[in-house]
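See below for the structure under consideration.
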Amino acid sequence: MNDHAKRYGTLVLLRHGQTRWSETGQYTGRTNIPLTDVGMQQARDAGERLRALFPDGFADGDVYCSDLQRAMTTANEAGFLTPTLTPDLEEWDYGRAEGRTRAELFAALGEEWNVWAQGPTALADHLAGERVEIFPDGQQITIINGPGESIEDAAARARHVIDRVMPALEAGRDVLCVAHAHILRILTTQWLGVDPRFGRNLKLDTAHICALSVYKGDHVIWKWNV
């Protein structure tokens, strides 16, 4: 069967539900923070939308998830209790931007910084270290401001995921990946074969769904941010 006639499966992406930091605008990379109550309900609602969009569901072994808490909880609340966990789907490591807002970074640097343009590894050394943030419920979160990760390294992780799921897609099975906004946007650029910085043009809200597919031999976006 030629490539144009083959029936490929769909690569489905689900961003995790709301967290406290997704509401405050703090960069949330590797810090393991929980969903809010709103985020838990968003995840359940996303599960309902997934079942409506993909009534045949996903085969055992065809659901992949970041191993960070907010993604795992989202997968579970959406109805996927035993996803395959992989660090390749962890969020982009924001390094010295972790836990900070864009306004805080501007105040610290004296100039605008854009994660897509300059990247985490370009941030000043004086922002490095560890600190603790206390949530309103008393929970203490340790924030590690390390060196961060280049966008090229994040894109390489995304390509590992694509390579891993391609056999299932080529066999006509749908695959679900539950993860985070930036890594899923970067993964989409690698699916399309474009520069990973194009991900800045792909808005992805909490607990929203995207679908990537193959059309007439080309890798395409079928649905986005639904």
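Keep in mind it's a predicted model, so treat the numbers as computed, not measured. Quick note: numbers below take in every heavy atom, side chains included, and nothing from hydrogens, waters or symmetry partners.
Judged as a side-chain hydrogen bond (donor to acceptor under 3.5 Å, both in side chains), the pairs with a partner in residues 171-186 (not counting sequence neighbours) are, in order, D62-R173, S66-H180, R70-H180, Y94-H182.
Under the 3.5 Å distance criterion, the side-chain polar atoms of T82 are left unmatched by any main-chain donor or acceptor of F80. Of the possible polar contacts, none joining the R131 side chain to the T142 backbone as a donor-acceptor pair under 3.5 Å is found. T31 places no side-chain N or O within donor-acceptor distance of the main-chain N or O of I33, the cut-off being under 3.5 Å. Of the possible donor and acceptor atoms, one in the side chain of N145 sits under 3.5 Å from a partner among the backbone N and O of E98. T74 places a side-chain N or O within 3.5 Å of a backbone atom of G17 that can act as its donor or acceptor partner. With hydrogens and angles ignored, the 3.5 Å screen pairs no side-chain donor or acceptor of D205 with any backbone N or O of H208. A donor-acceptor pair is defined here as one N or O able to donate and one able to accept, closer than 3.5 Å; such a pair exists between the side chain of Q118 and the backbone of N114.
Using a 4.0 Å cut-off between charged nitrogen and carboxylate oxygen, R96 and D125 count as a salt-bridge pair. Of the charged side-chain nitrogens involved, at least one lies within less than 4.0 Å of a carboxylate oxygen, so that E152 and R197 count as a salt-bridged pair. Of the charged side-chain nitrogens involved, at least one lies within less than 4.0 Å of a carboxylate oxygen, so that E90 and R30 count as a salt-bridged pair. With respect to the salt-bridge test (charged N to carboxylate O, under 4.0 angstrom), the residues K216 and D218 do not qualify.
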**Stepwise side-chain contact (heavy atoms from CB on, under 4.5 Å) check, L187 with R159** = CA-CA 7 Å; L187 185 153; R159 289 194 297 275; over 6 Å; no

**Request:** For the pair V12 and K223, evaluate side-chain contact (heavy atoms from CB on, under 4.5 Å) and give the outcome as yes or no after the intermediate values.
**Result:** CA-CA 9 Å; V12 185; K223 295 181 182 294; over 6 Å; no

**Request:** Evaluate the side-chain hydrogen bond (donor to acceptor under 3.5 Å, both in side chains) criterion for residues E133 and W21: first the C-alpha distance (whole Å), next the side-chain angles of each, then the deciding distance (0.1 Å), finally the verdict.
**Result:** CA-CA 11 Å; E133 179 171 323; W21 284 3; 3.1 Å; yes

**Request:** Apply the test side-chain contact (heavy atoms from CB on, under 4.5 Å) to residues T86 and T84: give CA-CA distance (whole Å), side-chain angles for both, the deciding distance (0.1 Å), then the verdict.
**Result:** CA-CA 7 Å; T86 173; T84 299; 5.6 Å; no

**Message:** As a quick check of understanding, evaluate side-chain contact (heavy atoms from CB on, under 4.5 Å) for I221 and W191, giving each step before the final call.
**Reply:** CA-CA 9 Å; I221 295 173; W191 178 260; 5.9 Å; no

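The two residues A71 and A179 make their nearest non-hydrogen contact at CB-CA, 4.3 Å. Scanning both residues, W116 and P196, for their nearest heavy atoms gives CZ3-O, 3.5 Å. The heavy-atom pair separating A97 from Y27 by the smallest distance is O-CB, 3.5 Å. When all heavy atoms of D88 and H160 are compared, the pair lying nearest together is OD2-CB, 3.4 Å. In plain terms, the two heavy atoms of N225 and K203 that are nearest each other are CG-O, 3.6 Å. When every heavy atom of W222 is checked against every heavy atom of S213, the shortest pair comes out as CB-OG, 3.5 Å.
Distance check, rounded to the nearest 0.5 Å: CG of L85 to OH of Y64 gives 11.5 Å. How far CG of N201 is from OG1 of T188: 12.0 Å, rounded to the nearest 0.5 Å. In this structure, CD1 in I162 is found 8.0 Å from NE2 in H219, a value given to the nearest 0.5 Å. In this structure, OG1 on T206 lies 4.0 Å from CD on Q42, to the nearest 0.5 angstrom. Distance CD/Q190 to CD1/I183: 9.0 Å, rounded to 0.5 Å. In this structure, CD1 on I134 lies 4.5 Å from CD on Q140, to the nearest 0.5 angstrom.
The side-chain tip of R20 points at the ring of F135 from less than 6.0 angstrom away and within 45° of straight on.
Scanning for salt bridge (charged side-chain N to carboxylate O under 4.0 Å, His left out) contacts around E23 gives an empty result, with sequence neighbours left out.
Side chains of L14 and C177 form no contact here, defined as non-hydrogen atoms less than 4.5 Å apart. Side-chain contact between Q139 and P34 is present, with at least one heavy-atom pair separated by less than 4.5 Å. Residues L169 and T10 are not in side-chain contact: their nearest non-hydrogen atoms beyond the backbone lie 4.5 Å or more apart.
Under a hydrophobic clustering in which Ile, Leu, Val, Met, Phe, Trp and Tyr are joined whenever their side-chain heavy atoms come within less than 4.5 Å, directly or via other members, V220 and M166 fall into different clusters. One hydrophobic cluster, built from ILVMFWY side chains closer than 4.5 Å, cannot hold both V63 and L184; they sit in different ones. Taking hydrophobic clusters as Ile, Leu, Val, Met, Phe, Trp and Tyr residues chained together by side-chain heavy-atom distances below 4.5 Å, L212 shares a cluster with V175. Both V161 and F198 sit in one connected hydrophobic cluster of ILVMFWY residues. Membership requires side-chain heavy atoms under 4.5 Å apart, directly or through other members. Both L13 and L89 sit in one connected hydrophobic cluster of ILVMFWY residues. Membership requires side-chain heavy atoms under 4.5 Å apart, directly or through other members.
In the model, Q18 has a side-chain atom that pairs as donor or acceptor with a side-chain atom of T36 under 3.5 Å. Under 3.5 Å, the side chains of E149 and T121 contain no donor-acceptor pair of N or O atoms. Residues Q41 and D37 have side chains that never bring a donor and an acceptor to within less than 3.5 angstrom of each other.
Within 6.0 Å of the CG atom in D60, the count of heavy atoms belonging to other residues, nucleotides or ligands does not exceed 12.
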Under 3.5 Å, side-chain donor or acceptor atoms of residues 106-113 against the rest of the protein: list the pairs with distances, not counting sequence neighbours.
residue, atom, partner, partner atom, Å
W113, NE1, G119, O, 3.1

